[in-house]
Amino acid sequence: MPTVRIPSVLRKHTDGAAKVTAAGGNVGEVLRAVTADHPGLEEQLFDGDSVRGFINVYVDDEDIRYVSGLDTPVERDSEVALMPAVAGGDG
Amino acid sequence: MRFGDISQAIGNTPLVALPRLSPKGYTIHLKLEGHNPTGSVKDRVARYLIEQAERHGLLSPGQRVLEPTSGNTGIGLAAICKVKGYPLTCVLPENTSQERRQLLTMFGAELVFSPATEGSNGSVRVARELAAADSHAYMPFQYGNAANALAHYETTAPEIIADLPQVAAFVAGLGTGGSVTGVGKRLKRWNPDVKVFAAEPEYGDLVYGLRNLDEGYVPEVLDVDVLDSRIKVDSRKALGATRELAEVEGIFAGVSTGASLVVARRVCNRLPEGAHVVAMSPDGGWKYLSTGAYAPGDLDEIATAISGTLWA
């Protein structure tokens with residue numbers, strides 16, 4: 001099953017887990033499976049049907065905005081990572 | 001090459017091919033910005049921030065300049081402000097490396113520290129508070145100042161086009177977004193087929209020490225539409241590529257260079273065979289020696305040990 005990496009700021013909704021697994025063939029399905037298991041994440045991740053602006057979602061390191069958004073395919077061994085948007089560290 | 005003072009000796013950096021580390025059938029080139037006067041790409045930005053402010057009447061002689069910066073922009077600003085006669089205050093995370101602090105102090109900048117746990121966001125917050133309290137200070141604010149991307153649009157990109165007209169793709173790290181936005185727009189104006197990729201550092205948990213997602217931040221300078229993709233690179237991969245660069249190609253670069261190299265190698269197969277890719281090397285490795293990034297030892301252990309300071 002694909003793994004989903006949870007940033008520290010959201011781990012209070014996953015009982016402290018940094019990684020969870022969730023079934024699904026695309027990012028939308030995987031994230032909905034995660035929020036079904038951890039309902040506290042629903043409001044944190046989604047604004048209606050879309051992912052909130054200050055959160056970046058990556059499948060195998062690539063930002064899904066530049067692939068197919070929530071329709072981006074997820075393989076069984078894929079890693080879906082959620083990261084907060086922050087100011088660049090190299091400034 | 002002869003210049004009137006240090007502020008005029010910025011730019012015209014070498015573009016160097018990586019014949020041993022490029023994937024077969026492609027050529028990756030590094031734009032070695034460590035060759036700028038204070039050792040980083042941010043010299044270009046610092047000069048534009050100050051000179052655009054002078055041009056628009058936002059900065060008058062002797063006025064204090066205030067900026068949130070984790071290092072390179074501050075060091076560039078410190079040198080420019082020194083020769084132009086502006087006092088400078090830099091707000092930086094308290095985990096910034098010693099080399100950077102010493103350089104800033106030597107150039108005469110005043111340092112104000114923000115909590116390490118808040119990363120660059122914390123520096124932005126503290127600088128905004130200081131600026132609000134001091135109406136005489138001028139804050140260029142590189143994250144939101146169009147002069148940042150303009151420096152790359154008017155200087156970095158034309159140099160790349162002059163040296164490598166067949167450039168097919170450009171890769172740069174995502175900090176303020178100035179490099180990808182400025183270089184990317186100019187390269188695409190010149191040839192709409194050019195692809196632009198951002199290498200996004202994957203910070204350690206420490207840097208993501210936000211209390212909630214509403215504290216997130218996307219720099220106004222970044223134009224996400226210029227990007228063809230955005231790929232994150234963790235500390236271990238970036239560090240591995242950085243060390244490989246020294247070991248195989250004889251280039252001693254900072255860790256952001258390794259991150260861009262990782263992405264450049266990953267995207268080659270999306271380009272036509274024979275394509276030339278330019279990756280940004282923002283600085284050399286000198287300012288990071290004290291972090292242990294280049295010390296002998298096991299890569300995983302080093303990456304773990306320094307993940308809190310690596311990108312700071």
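Quick note on labels: first sequence line is chain A, next is B, and so on, each numbered from 1.
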Residue [X] versus chain A: region with a heavy atom under 4.5 Å:
{"X": "B:Asn148", "answer": "neither"}
{"X": "B:Leu222", "answer": "neither"}
{"X": "B:Val263", "answer": "neither"}

Next on the checklist: Can you tell me if A:Glu42 has over 12 outside heavy atoms packed within less than 6.0 Å of its CD?
Outcome noted: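 Yes, CD of A:Glu42 has more than 12 neighbouring heavy atoms, counting only those of other groups under 6.0 Å.
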Next on the checklist: The criterion is salt bridge (Lys or Arg N to Asp or Glu O under 4.0 Å); which residues satisfy it with B:Glu33, sequence neighbours excluded?
Outcome noted: B:Arg44
Checklist outcome for this item: Here the gap from B:Ser229 atom OG to A:Asp61 atom CG, rounded to the nearest 0.5 Å, amounts to 10.5 Å
Checklist entry - How long is the gap from OH on A:Tyr66 to CG on B:Leu227, to the nearest 0.5 Å? => result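 Rounded to the nearest 0.5 Å, the OH-CG separation comes to 4.0 Å.
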Next on the checklist: Quick one, A:Met83 and B:Lys232 - any side-chain contact, counting heavy atoms below 4.5 Å?
Outcome noted: yes
Item to check | B:Glu200 side chain to A:Tyr58 side chain, donor-acceptor N/O pair below 3.5 angstrom | outcome: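 Looking only at side-chain atoms, A:Tyr58 and B:Glu200 do form a donor-acceptor pair, the distance falling under 3.5 Å.
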Checklist outcome for this item: Expected contact set for residues 14-36 of chain A against chain B at heavy-atom separation under 4.5 Å reads none
